[in-house]
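Some notes on the structure that comes next.
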Amino acid sequence: MYKHSKMSRMRGFACLLILFALLTAWAVAETSTADAPAADYVVREVTDPEAVAADVEKASLEQTDPEINILQGLKKIVQSTGFAQGEWRQYVMILVACFFLYLAIVQQFEPLLLLPIAFGMLLANLPAAGLMNHVSYTFYPTLHDAAVAAEALGKDAQDIVWRYNEAAGMMQYSIQTANGGVLYYLYQGVKLGIFPPIIFMGVGAMTDFGPLIANPKSLLLGAAAQLGIFITFLGAKLMGFSAAEAGSIGIIGGADGPTAIFVTTKLAPHLLGAIAVAAYSYMALVPVIQPPIMKALTTKKERLIRMPQLRPVSKTELVIFPIMVTIVVSLLLPDAASLVGCLMFGNLCRVSGVTERLNKTIQNELCNIVTIFLGLTVGATTNGSTFLTASTLKIVVLGVFAFGCGTAGGVLLAKLMNKLTGGKINPLIGSAGVSAVPMAARVSNKVGQQYDPGNFLLMNAMGPNVAGVIGSAVAAGVFISLFA
């Protein structure tokens, strides 16, 4: 009864995801807004002295007490509400945010990240709230104009910043006229590549690399499951995306949300919202996407194969492993050093036995705080004008294709290894090569037990599963080194 109910919820989630895609398609049909990366700040150029005088006069009037007029006051209040200033795309995105909140709270699909992402989406699309507004600057042609405007705005000479505009062949002087929204400042942790490595540190502190060390061959399965990343990269190129955008979309196939976010902020930040939502949605759908592919590519005889228990792993091996992986991977792919280094540092704190306080902090307080900020700010990048586009639809399609190809790659290599070892490897563990830890390993174990309830594949599947985490970080380093 419980299994039937759970599968019904999964199918319901898939139907709702299709509904979301159709809603986005409708929005695309209604708009021709092109994708464009957001600027770091809002700039207004002022070159006319009369415009400077107008700014000064306006600022002076704003500093004086206005006359009391009830009707005008009520009109101004109404005009300042979100109801008066909102557009239909923002309301569509609010509905989409509520849809994802339902998935996170009621269906419990990846709630730790899907809930803050959905709420960040809600906050960013509230009309006139300005929580994701960028910093605004006004530029003036002379220092005198800037000084006059600064005085009118209640600022002093220290607030004036100057630069040489090579295109115009002149000096320009700027004054910051508006601060950014609170989410804009928190988003700098994503934009600067700070939050994803810290999440990886938490993942490392919670991950047991013992099954991988006990069976090093499973590293090959983790590598094979990254096939979906590179096939999807080619597919995205054929669909018209640039190489950098295609690399960001392909990383969805690694089934690793922080890696997808990290790569996208480096290569295609304007696609961050769509890619993050697709990555975490499909991670939640691993129990739905993987089993049909696993069953289609294996025979019943192969699914019944029982694998021997893994050998015990010594503490020395557990300590040496993260150090050696950090050195080797970072020397081969320096661009992957931040992800792999933080992953392995977190794991070293776990296995060393001398930093238990650090281990608990990384696993709990630090990881939880950064997860909140990461989810909220990533969700806040999904404003209606850039999210409800044809690109989002393509990303939704390519995302599920990436997951399917990654699963198939791991299973097919496991089938080959099974042949080469004389039938000692159950091909079902190959699907765990995607780095959705530990969900993918549990799916391998569950499918195996459907055919033999006494067949426990979980620990054998954990080897490819944790190898997939390393594999996705390596793939990220490859794309960043090629296209950043």
Fill in: I198 side chain near I194 side chain, heavy-atom distance below 4.5 Å
yes
Worksheet, complete the sentence: Residues at least two apart in sequence or cross-chain that pass side-chain hydrogen bond (donor to acceptor under 3.5 Å, both in side chains) with T361, listed by chain then number, are none
Fill in: M344 vs I470 side-chain heavy atoms within contact, under 4.5 Å
yes
Item to complete: Output yes when a side-chain donor or acceptor of S330 lies under 3.5 Å from a complementary backbone atom of I327, and no otherwise.
Response: no
Worksheet entry | Worked verdict on I252 versus F403 for side chain to side chain contact (heavy atoms under 4.5 Å, CB included) | CA-CA 7 Å; I252 296 175; F403 267 66; 3.8 Å; yes
Discussion item. I want to check something: taking the side chain as every heavy atom from C-beta on, are L126 and L123 in contact at a cut-off of under 4.5 Å?
Written reply: yes
Worksheet, complete the sentence: Between M439 and P287 the two heavy atoms that sit nearest each other are SD-CD, 3.6 Å
Worksheet item: Is the number of heavy atoms from other residues, nucleotides or ligands within 6.0 Å of CZ (F230) greater than 12?
Response: yes
Discussion item. Quick check against the 3.5 Å criterion: does T326 have a side-chain atom that pairs as donor or acceptor with the backbone of G341?
Written reply: no
Discussion item. Has N455 got a side-chain atom pairing as donor or acceptor with G448's backbone, closer than 3.5 angstrom?
Written reply: no
Worksheet item: About how many Å separate OG of S352 and CG of N359, when rounded to the nearest 0.5 Å?
Response: 8.0 Å
Worksheet item: With distance as the sole test, does R303 use its side chain to make a donor-acceptor pair with the main-chain N or O of T298 at under 3.5 Å?
Response: yes
Practice prompt. For the residue pair Y184 and H134, categorise the inter-ring angle as parallel (less than 30°), tilted (30 to 60°) or perpendicular (more than 60°).
Written response: tilted
Worksheet item: Is it the case that more than 12 heavy atoms not belonging to R311 sit under 6.0 Å from its CZ atom?
Response: yes
Worksheet item: Can you check ring pair (Phe, Tyr, Trp, His ring centres under 6.0 Å) on F373 and Y187, steps first, answer last?
Response: CA-CA 8 Å; F373 291 160; Y187 176 69; over 10 Å; no
Worksheet item: Could you give the distance from CE (M132) to OG1 (T382), rounded to the nearest 0.5 Å?
Response: 9.0 Å
Worksheet item: Heavy-atom distance under 4.5 Å between the side chains of L343 and L339, does that happen here?
Response: no
Discussion item. With a 6.0 Å cut-off on the ring centroids, do Y282 and F401 count as close?
Written reply: no
Worksheet item: Between M121 and V277, is any pair of side-chain heavy atoms under 4.5 Å apart?
Response: yes
Practice prompt. Taking T259 for its side chain and S472 for its backbone only, find out whether a donor-acceptor pair lies under 3.5 Å.
Written response: no
Discussion item. Would you compute the distance between atom CZ of F119 and atom CZ of F100 and round it to the nearest 0.5 angstrom?
Written reply: 16.0 Å
Worksheet entry | Taking every non-hydrogen atom, the tightest pair across I229 and A475 | CD1-CB, 3.8 Å
Practice prompt. Return yes if a side-chain donor-acceptor contact under 3.5 Å exists between K295 and Q290, otherwise no.
Written response: no
Worksheet item: Could you state the interatomic distance from CG (L348) to CG (L358), rounded to the nearest 0.5 Å?
Response: 10.5 Å
Worksheet item: Is there a side-chain contact between D208 and V466, using heavy atoms and a 4.5 Å cut-off?
Response: no
Worksheet item: For S314, does its backbone N or O pair with a side-chain atom of E317 as donor and acceptor, under 3.5 Å?
Response: yes
Discussion item. Does the structure place the NZ or CZ of K394 under 6.0 Å from the centre of the six-membered ring of F241, at an angle of no more than 45° from the ring's axis?
Written reply: yes
Discussion item. What's the separation between atom SG in C349 and atom CD in E356, rounded to the nearest 0.5 Å?
Written reply: 10.0 Å
Response to the item:
Smallest heavy-atom separation, K415 atom then P427 atom, equals CG-CB, 3.6 Å
Practice prompt. Report yes if the side chains of Q108 and L103 come closer than 4.5 Å at any heavy-atom pair, otherwise no.
Written response: no
Discussion item. The test is side chain to side chain contact (heavy atoms under 4.5 Å, CB included); show your working for F233 and I249 and say whether it passes.
Written reply: CA-CA 7 Å; F233 167 77; I249 296 168; over 6 Å; no
Worksheet item: Roughly how far apart are L398 CG and I231 CD1, rounded to 0.5 Å?
Response: 12.5 Å
Item to complete: Say whether, by atom type as modelled, one donor and one acceptor occur between the side chain of N368 and the main chain of N364 under 3.5 angstrom.
Response: yes
Item to complete: Would you indicate whether F321, at its atom CZ, is surrounded by more than 12 heavy atoms from other residues, nucleotides or ligands within a distance under 6.0 Å?
Response: yes
Worksheet item: Less than 4.5 Å apart, any side-chain heavy atom of I425 and any of I305?
Response: no
Worksheet item: For the side chain of R350 and the backbone of A205, is there at least one donor-acceptor N/O pair under 3.5 Å apart?
Response: yes
Discussion item. Between N215 and P211 (side chain of the first, backbone of the second, donor and acceptor by atom type, cut-off under 3.5 Å), is there such a pair?
Written reply: no
Fill in: Test item: side-chain donor near acceptor, S431 and S444, under 3.5 Å
yes
Discussion item. Using only atom types and a distance under 3.5 Å, with no angle test, would you say the side chain of N445 pairs donor to acceptor with the backbone of L458?
Written reply: yes
